[in-house]
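One structure below.
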Amino acid sequence: MELDGRFGIVLLVVLLLGIALSLWQHFSYQRATRRMVAEHQGARESFLVSGRGKGWFRGAVVLLVVDSASSRIEAAEAMVGASVFARFRPHPELLGSLSGARDRAKDKRLGEAVESAIAQYRSMRKRR
């Protein structure tokens with residue numbers, strides 16, 4: 001097998017494509033975060049937290065707005081999927097009490113992400 005410059009070019013293109021798609025997904029996360037902050041701006045005692053559930057093929061990232069006065073999830077969006085083309089979508093099944101949120105998640109990775117977000121919320125509450 002002969003290695004020539006074409007292999008290097010293909011490798012470089014694949015690496016650049018990976019970087020571009022990762023940035024695209026990161027900007028999607030930023031847009032979803034900014035949108036949720038704008039929608040709930042002015043709501044006192046509300047926290048925006050995020051969590052992640054990682055798997056071999058699939059993963060999940062969740063954004064939750066938690067009202068600390070009632071300990072309820074007021075808004076929930078999640079990005080669940082196996083590729084960089086997954087997008088944030090509302091998940092109304094997660095709305096409600098914090099205590100049963102993990103059980104209401106229909107996907108294993110989403111459940112892990114919810115659990116991670118709730119742990120972040122509790123950590124933030126302790127610091128205040």
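Start at 1 with the first residue, then count along the sequence.
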Within-4.5 Å side-chain heavy-atom neighbours: L48 and L64: no
S28 to R87 - nearest heavy-atom pair and separation: OG-NH1, 3.4 Å
Y29 with L23, same ILVMFWY side-chain cluster at under 4.5 Å: no
Same cluster (ILVMFWY, side-chain, under 4.5 Å), L63 and V37: yes
Steps toward side-chain contact (heavy atoms from CB on, under 4.5 Å) verdict (F47, R125): CA-CA 9 Å; F47 291 84; R125 287 280 304 197; 3.8 Å; yes
Please list every donor-acceptor pair under 3.5 Å in which a side-chain atom of residues 90-98 meets a protein atom from a residue at least two apart or in another chain.
{"residue": "H91", "atom": "ND1", "partner": "E93", "partner atom": "OE2", "Å": "2.8"}
{"residue": "S97", "atom": "OG", "partner": "S99", "partner atom": "N", "Å": "3.2"}
{"residue": "S97", "atom": "OG", "partner": "S99", "partner atom": "OG", "Å": "2.9"}

Rounded distance [0.5 Å steps], OG in S71 versus OH in Y121: 4.5 Å
Geometric class of the W24/F85 ring pair [parallel <30°, tilted 30-60°, perpendicular >60°]: perpendicular
Same apolar cluster (I L V M F W Y, side chains within < 4.5 Å links), I9/L17: no
Flag side-chain contact, heavy atom, 4.5 Å: V65 against D67: no
Closest heavy-atom pair and its distance - V61, F88: O-CE2, 3.7 Å
Cluster overlap V49 with I73, hydrophobic side-chain contacts below 4.5 Å: yes
Under 3.5 Å, side-chain donor or acceptor atoms of residues 74-82 against the rest of the protein: list the pairs with distances, not counting sequence neighbours.
{"residue": "E77", "atom": "OE1", "partner": "R35", "partner atom": "NH2", "Å": "2.4"}
{"residue": "E77", "atom": "OE2", "partner": "R35", "partner atom": "NH2", "Å": "3.1"}

Show every donor-acceptor pair shorter than 3.5 Å between a side-chain atom in residues 112-120 and any protein atom, with sequence neighbours excluded, or say none if there are none.
{"residue": "E112", "atom": "OE1", "partner": "R109", "partner atom": "NH1", "Å": "3.3"}
{"residue": "E112", "atom": "OE2", "partner": "R109", "partner atom": "NH1", "Å": "2.9"}
{"residue": "E115", "atom": "OE1", "partner": "R102", "partner atom": "NE", "Å": "2.5"}
{"residue": "Q120", "atom": "OE1", "partner": "S50", "partner atom": "N", "Å": "2.7"}

Point-to-point distance, once rounded to the nearest 0.5 Å, from OG of S46 to NE2 of H40: 7.5 Å
